[in-house]
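Scroll down for the structure; my scribbles are underneath it.
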Amino acid sequence: MSDFIPAGIYIHIPYCKRKCSYCNFHFSTQLRTIPDMVKAIVSEIELRTEEGANHTVQTIYFGGGTPSLLPIPALANLMRTVHACYRTDQAIETTIEVNPDDVSPAKLKQWHELGFNRLSVGIQSFHDADLRWMNRAHSGTQARYALDCIASSEFSNVSIDLIYGLPGGSIEKLGENLEGLRTFNIPHFSAYALTTEERTAMAHWVRKGLLIPEPDEDVIAQMDFILDYCTQEGYEAYEISNFCRTNFRSRHNSAYWDGTHYLGFGPSAHSYNGKRRCWNASNNAHYLRAIHSGQIAQTQEMLTETDCFNEFIMLNLRRAEGVDLDRLKKEFPNYLEGILLDMRTLIARGEASLTGHTLQLTRSGKHQADRICVELFRTNASSS
Ligand code: SF4
């Protein structure tokens, strides 16, 4: 067995062609700084080589933003640098997020030749009206063309993102979007309920009274529809927003939920080493200026026991496996008494169930997962 600690690497590519109306991730639509940014991220990876000295990298994830916007030589440069600076596992999972409008047979071949072996495709919807409302750069036809190309490519480990709870949405439209999974034989998908995030066009429309978000009961009905679809079609709901066929779980995200260490590079990327979390500046100009002077624009916090407990609850409660009470007892003994009391309340309300020593959300608990996590969180001053 290897003495090295497993780790994941995340590379944030902070550029997009358009601002999607609902998105508050860090990105810029000023694409002219891409060459400078790629050089800067390469420098950051090299500057932080020492942080990975005791680790073996098992997953690499290029996310964003839109990594598929990057020219092939830029992706090759980043990939080469990661492999030169860090010890990587032979069976590494290497994912690239791609948008449908960037996909072509030639690009797929090149991404595969660079070492990517998993694609995460930002489909969101196959309906043009939804895509226009979201201000996505692609159409339904482009989404279908991209998945057609992928079906004839070397990539078999493919995920698509879908959004539900859209204004004017319906179970029927959602069903048509899910039908795309069958049509293109997609082994993994993520489905996110639309939420109103600060500093987005959607938040502005809601504030001005131009948009009324879908009622909660409609969003919950759509979530239930997805869960029923998964049961019928043989997808495992292995996390609250993630669904897969057997052996197609995202290894990168699963490692993150397991508490595996990760190193994040690029503006806004987060890193975690079990004791400390740090995050890079969410500002391209600030990030570039720092790297040009040999620094990394980074903020860090040391995690308290309470922070680690809250994170343990949040990550595990959202997973099919649930919260392992034996592990909780071993890792957070001071918190056990309080959680057992809360657990009884959740079970009495029908929001959680106990199987052996594992606490899992029921379906009605999944509808309220965020609220339940907050209920179970502890503050730094108290443990029970
Ligand atoms: S949703 Fe994706 S493509 Fe759209 S702005 Fe956000 S990061 Fe960019």
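Whatever order the structure lists them in is the order used to number ligands and atoms, beginning at 1. Both backbone and side-chain heavy atoms feed into the values below; hydrogens, waters and symmetry mates do not.
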- request: For the residue pair Tyr335 and Phe332, categorise the inter-ring angle as parallel (less than 30°), tilted (30 to 60°) or perpendicular (more than 60°).
  value: perpendicular
- prompt: In total, how many protein N/O/S atoms does one find closer than 2.8 Å to atom 8 (Fe) of ligand 1?
  reply: 1
message: Taking the side chain as everything from C-beta on, heavy atoms only, tell me whether Glu236 gets closer than 4.5 Å to Thr246.
response: no
- request: Apply the test side chain to side chain contact (heavy atoms under 4.5 Å, CB included) to residues Ile34 and Tyr15: give CA-CA distance (whole Å), side-chain angles for both, the deciding distance (0.1 Å), then the verdict.
  value: CA-CA 8 Å; Ile34 287 180; Tyr15 297 96; 3.6 Å; yes
message: Between Asp224 and His367, is the side chain to side chain donor-acceptor pair (under 3.5 Å) condition met? List the steps.
response: CA-CA 9 Å; Asp224 280 344; His367 298 157; 2.7 Å; yes
statement: Heavy-atom proximity to atom 2 (Fe) of ligand 1 ranks first, among His138, His26, Arg136, for Arg136
message: Using 30° and 60° as the class boundaries, would you call the ring planes of Phe189 and Phe243 parallel, tilted or perpendicular?
response: parallel
- prompt: Taking all atoms of both residues into account, what is the closest heavy-atom pair of Ser250 and Glu93, and its distance?
  reply: C-OE1, 4.0 Å
